[in-house]
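Residue numbers count from 1 along this sequence. The analysis underlying the following values was restricted to heavy atoms, covering all of them including side chains, and did not include hydrogens, waters or symmetry mates. Just follow the structure's listing: the first ligand is 1, and inside any ligand the first atom is 1.
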Amino acid sequence: MSIFTKIIEGEIPSYKVAEDDNFFAFLDINPNAKGHTLVVPKKEENKIFDLSKEEYTSLMNFSYRVAKALEKSVPCLRIGMSVIGLEVPHVHVHLIPTNAMADMQFTKKEKLTNEEFVALAESISSNFS
Ligand code: 5GP
């Protein structure tokens with residue numbers, strides 16, 4: 001079972017942003033920038049292009065809705081999107097409120113308090129539709 005499946009099942013706590021039958025979105029615990037969110041299919045698949053076309057399209061549609069909520073909650077130049085998966089072998093889309101190229105480089109990290117994570121997750125969740 002992947003660490004993200006444990007998060008989805010509530011075995012490991014997370015700052016949840018959105019959920020439906022097939023997808024789960026939550027704040028990255030070591031964010032590049034405030035609001036850095038991960039969108040994960042509940043089906044545990046390692047690599048994004050091993051998803052079927054339908055699963056891939058549904059993941060992108062769900063990510064679009066999360067990105068729209070993020071844009072409302074976190075002022076930024078744009079939402080950057082990235083899929084890597086070298087650390088956690090369970091498909092996840094990184095949605096990152098971006099103001100500079102460095103925000104997309106996974107080297108500059110932001111430290112947030114628990115209260116800041118909670119407030120961000122609540123705000124993004126309230127803007128999700
Ligand atoms: P990747 O696999 O795309 O290289 O990155 C995995 C991402 O998952 C990283 O940005 C890392 O901070 C995040 N991550 C790893 N473990 C956890 C966790 O237990 N909780 C949360 N919220 N994020 C995690």
Side-chain angles (χ1 to χ4, degrees):
M1 190 190 284
S2 80
I3 190 159
F4 289 166
T5 298
K6 288 183 182 163
I7 285 175
I8 291 162
E9 293 184 355
E11 275 183 47
I12 295 176
S14 70
Y15 301 101
K16 183 168 102 171
V17 161
E19 180 177 15
D20 74 0
D21 287 347
N22 298 313
F23 302 102
F24 193 92
F26 57 101
L27 295 178
D28 195 299
I29 206 65
N30 189 22
N32 290 13
K34 260 188 197 136
H36 182 164
T37 297
L38 303 176
V39 184
V40 181
K42 290 185 176 176
K43 179 186 169 203
E44 201 173 306
E45 187 69 71
N46 180 355
K47 297 187 277 180
I48 190 161
F49 297 117
D50 285 343
L51 294 173
S52 69
K53 270 191 205 165
E54 289 72 24
E55 289 165 341
Y56 172 82
T57 304
S58 300
L59 172 63
M60 286 302 135
N61 285 337
F62 194 85
S63 300
Y64 179 98
R65 292 165 60 202
V66 175
K68 288 290 182 188
L70 255 180
E71 276 181 336
K72 289 185 184 141
S73 293
V74 184
C76 61
L77 290 180
R78 61 184 59 214
I79 305 297
M81 185 170 80
S82 174
V83 177
I84 309 167
L86 288 173
E87 185 187 329
V88 180
H90 181 159
V91 174
H92 48 283
V93 175
H94 294 265
L95 296 175
I96 303 168
T98 299
N99 290 299
M101 199 56 196
D103 294 330
M104 293 302 296
Q105 287 169 345
F106 296 85
T107 45
K108 184 175 72 69
K109 293 293 181 175
E110 188 98 18
K111 281 270 169 279
L112 302 184
T113 64
N114 177 58
E115 289 70 27
E116 287 175 309
F117 275 118
V118 169
L120 269 169
E122 277 176 9
S123 169
I124 300 161
S125 183
S126 73
N127 283 319
F128 181 76
S129 59

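- For H94 and H92, the ring centers sit closer than 6.0 Å to each other.
- Residues passing the side-chain contact (heavy atoms from CB on, under 4.5 Å) test with A102, sequence neighbours excluded: Q105, K108.
- Contacts of K16 classified as salt bridge (Lys or Arg N to Asp or Glu O under 4.0 Å), with partners at least two apart in sequence or in another chain: E19.
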Notebook entry, point to check: Yes or no on side chain to side chain contact (heavy atoms under 4.5 Å, CB included) for N22 and F62, after CA distance, side-chain angles and deciding distance?
Noted result: CA-CA 9 Å; N22 298 313; F62 194 85; over 6 Å; no

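- Near ligand 1, heavy-atom contacts under 4.0 Å come from I3, F4, I7, F26, L27, D28, I29, N30, L38, I84, G85, L86, E87, V88, H92, H94.
- With sequence neighbours excluded, the residues satisfying side chain to side chain donor-acceptor pair (under 3.5 Å) with K109 are N32.
- Heavy-atom neighbours of M101 CE from other residues, nucleotides or ligands within 6.0 Å: at or below the threshold of 12.
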